[in-house]
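Here the structure is laid out as structure tokens; the discussion comes afterwards.
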Amino acid sequence: MSDAIKVGFVQLSAAARGILVVFCDDGLKLGPATAKALGGATELVKRAASAAAFKGKSGAALDILAPEGVKATRLIVIGVGAGKATGLKANDFFKFGGVAAGKLSAGAAAMTIMAELPDGAMTSEQAVAIASGLRLRAYKFDRYKTKKKDGEEGGSRADISLAVGDVAAAKKAFASAGHVVDGVIIARDLVNEPPNVLFPEEFARRASLLRKLGVKVEVLDVKAMDKLGMGALLGVGQGSTRPSRTVIMRWDGGKKGEAPVAFVGKGVCFDTGGISIKPAGSMEDMKGDMGGAACVVGLMHALAARKAKANVVGAIGLVENMPDGNAQRPGDIVTSMSGQTIEIINTDAEGRLVLADVLWYVAKKTKPKFMVDLATLTGAIVVALGTEHAGMFSNNDELADRLLTAGIESGEKVWRLPLGPEYDKLIDSQFADMKNTGGRHGGSITAAQFLQRFVDGTPWAHLDIAGTAMGAPKTDINQSWGSGYGVRLLDRLVADHYERK
Ligand code: BES
Ligand code: MN
Ligand code: ZN
């Protein structure tokens, strides 16, 4: 998907073009270069603010005609709240960029954003986070619309200049941050694609495009998975005419021979529920049941494109869960790659079966420092946490704390929920080593307990992203159904803790 906007950098002192965007704090204080650019108009801005009850709250915007003497069409003042005093995070700057992009009207336009806080120029990282926010907000998935709305046709792009203190430094930082935005967009595209287009083989083909960036991509077909004994994953896909795939991606940007970090994604390209079929209402949303796998591909893109100095494994299990004469039945017992047997109680609890084999494969074959899996795993997590936080389960406090912090900084928040032997008992089976559902109580927790039986003691965290990967309310930086959740969170985790300096 091509961008609807183009972002460049100019000096803070440069003359504004088009719409002028500036920042103020909750005392309506402007930065020095901003005040200079507005000249005698600062009093008028104060009056407009008071008339519009604009108080400079974080992310609030005052949108007025550019006053006399200001070389711009419109003037938009965005609040940063208490500014420095509140400890602004990367996520705040993403949001400011999103708010600014939301002020662009359809069709081509020019905008100049003065990347200055009341106490002086923003850092390059802050200015670049604004640029990222602009692009994230401007993303639209319109590949299948043959008729464009007025002002949308002809590929006209808004031309946005960020006025910064240090142009060269900002350009350099954006080169890297831009790859992360590209990764988010790749993940969003994958989630938004319809399930007749994006089935396991096609998903594997798209993941294989990462080879262009130097990622090693290995695709396991049904025969290869059969040989490995991946009976849990294969059981899910056996009712579909579209064959299952597992894709292993490796980015070796770290020290040679150093253990990698690993990310594992649930890639159920469509989840009908199988024989335990889902009701018709909103079943179309189950095209997004590969949001975990989409995130892993987007993340691998981001890390490889920005040449992250870390060894990283990405692994995704790709299946389609269909009812059919050959489909798996409730009552079936399957043998996983680990050798553990699983009694199928409900064929709609398929994600954990897919992950069971991929987690085991990654733990055994790559011996990672840790594994983080992402999965649109349970409806119960949406009931518990809504769309604001992903559910997090972990056997390792250090990893959990790092994810928690990365979540706050990136704005892709996680909330930790418990694991424990009492919950684990709930998935014991009378016929096999375990069953694939634990009953109605604590549904997200028993799903996580199931996964834990396949990590073989590896430090691990499971993120249940059923509420955050798709269908969440639109935000300042996401207007799309598929959110691309997790790419920024995990890029941050890697950048902050696992990259060779
Ligand atoms: N893919 C669904 C979970 C889901 C629900 C994701 C809503 C996004 C939005 C998963 O495979 C599923 O069907 N889970 C069942 C588990 C149950 C049968 C134990 C659920 O949550 O109802
Ligand atoms: Mn299901
Ligand atoms: Zn599912």
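Both counts, for ligands and for their atoms, begin at 1 and track the order of listing. Only heavy atoms go into these numbers, but all of them, side chains included; no hydrogens, no water, no symmetry mates. The structure presented is a predicted model; accordingly, all values stated were derived computationally and were not measured.
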Considering only the protein, which heavy-atom contact is closest to atom 8 (C) of ligand 1, and what is its distance? Met470 CE, 3.3 Å
When you check the side-chain N and O atoms of Lys95 and Ser58, is any donor under 3.5 Å from an acceptor? yes
Mind checking whether Lys278 has an N or O less than 3.5 Å away from an N or O of ligand 1? yes
Tell me the protein heavy atom at minimum distance from atom 15 (C) of ligand 1, and give that distance in Å. Asp348 O, 4.1 Å
Check whether any side-chain heavy atom of Arg242 lies under 4.5 Å from a side-chain heavy atom of Phe270, and answer yes or no. no
With the side chain counted from C-beta on, respond yes when Phe454 and Gln340 share a heavy-atom pair under 4.5 Å apart, and no when they do not. yes
Looking only at N, O or S atoms, find the one in Asp271 nearest to the Zn ion (ligand 3) and name it. OD2
Just to confirm my output: which protein heavy-atom neighbour is closest to atom 10 (C) of ligand 1, and how far is it? Leu377 O, 3.3 Å
Salt bridge between Lys287 and Glu193, side-chain N to carboxylate O under 4.0 Å? no
Residues Asn478 and Tyr139: side-chain donor-acceptor under 3.5 angstrom: no
Is any side-chain heavy atom of Asp182 closer than 4.5 Å to a side-chain heavy atom of His179? yes
Check Glu499 with Arg306, please: is the shortest side-chain N to carboxylate O separation under 4.0 Å? yes
Return yes or no for this condition: an N or O of Lys266 is under 3.5 Å from an N or O of ligand 1. yes
Lys278 and salt bridge (Lys or Arg N to Asp or Glu O under 4.0 Å): which partner among Asp289, Asp285, Asp348? Asp348
Is a donor from one side chain sitting under 3.5 angstrom from an acceptor on the other, for Asn321 and Thr272? no
I need the atoms of ligand 1 closer than 4.0 Å to a non-hydrogen atom of Thr376, numbered in the order shown. 1 (N), 2 (C), 3 (C), 6 (C)
Report yes or no: does Asp348 have an N/O/S atom closer than 2.8 Å to the Zn ion (ligand 3)? no
Check the orientation of Phe370 and Phe263. Use parallel for under 30°, tilted for 30 to 60°, and perpendicular for over 60°. perpendicular
Among all protein heavy atoms in this structure, tell me which lies nearest to atom 7 (C) of ligand 1, with the distance rounded to 0.1 Å. Met286 CE, 3.8 Å
Report yes if some N/O of Glu350 lies less than 3.5 Å from some N/O of ligand 1; otherwise report no. yes
Which N, O or S atom of Asp289 lies nearest to the Zn ion (ligand 3), by name: OD2
Does any non-hydrogen side-chain atom of Asn436 lie less than 4.5 Å from one of Ile427? no
Distance under 4.0 Å to a non-hydrogen atom of Ala466: what atoms of ligand 1 satisfy this? 6 (C), 8 (C)
At a cut-off of 2.8 Å, list the protein N/O/S atoms near the Mn ion (ligand 2), residue plus atom name. Asp271 OD2, Asp348 O, Asp348 OD1, Glu350 OE1
Tell me whether Gly379 has any N or O atom under 3.5 angstrom from an N or O of ligand 1. yes
Only one of Val319, Val334, Leu355 passes side chain to side chain contact (heavy atoms under 4.5 Å, CB included) with Leu233, and that residue is Val319
Under the criterion salt bridge (Lys or Arg N to Asp or Glu O under 4.0 Å), I'd like the reasoning laid out for Arg402 against Asp496: C-alpha separation, chi angles, the key distance, then a yes or no. CA-CA 9 Å; Arg402 288 176 172 181; Asp496 284 353; over 6 Å; no
Could you please spell out the steps behind the side-chain hydrogen bond (donor to acceptor under 3.5 Å, both in side chains) verdict for Trp360 and Asp456? CA-CA 7 Å; Trp360 187 264; Asp456 198 32; over 6 Å; no
Nearest to the Zn ion (ligand 3), which N, O or S atom of Glu350 do we find? OE2
Mind checking whether Thr437 has an N or O less than 3.5 Å away from an N or O of ligand 1? no
Which protein non-hydrogen atom lies closest to atom 18 (C) of ligand 1, naming both residue and atom, and how far is it? Asn346 ND2, 3.5 Å
Do any of the N, O or S atoms of Lys266 sit under 2.8 Å from the Zn ion (ligand 3)? yes
Should the pair Phe93 and Phe96 be assigned to parallel (<30°), tilted (30 to 60°) or perpendicular (>60°) ring geometry? perpendicular
of all protein heavy atoms, closest to atom 16 (C) of ligand 1 is Arg352 NH2, 3.9 Å
Give the contacting part of Asp271 toward ligand 1: side chain, backbone, both or neither, where contact means a heavy-atom distance below 4.0 Å. side chain
Can you tell which of Leu417, Ile465, Thr468 makes a side chain to side chain contact (heavy atoms under 4.5 Å, CB included) with Ile381? Leu417
Heavy-atom distance to atom 1 (N) of ligand 1: which of Val268, Asp289, Asn321 wins? Asp289
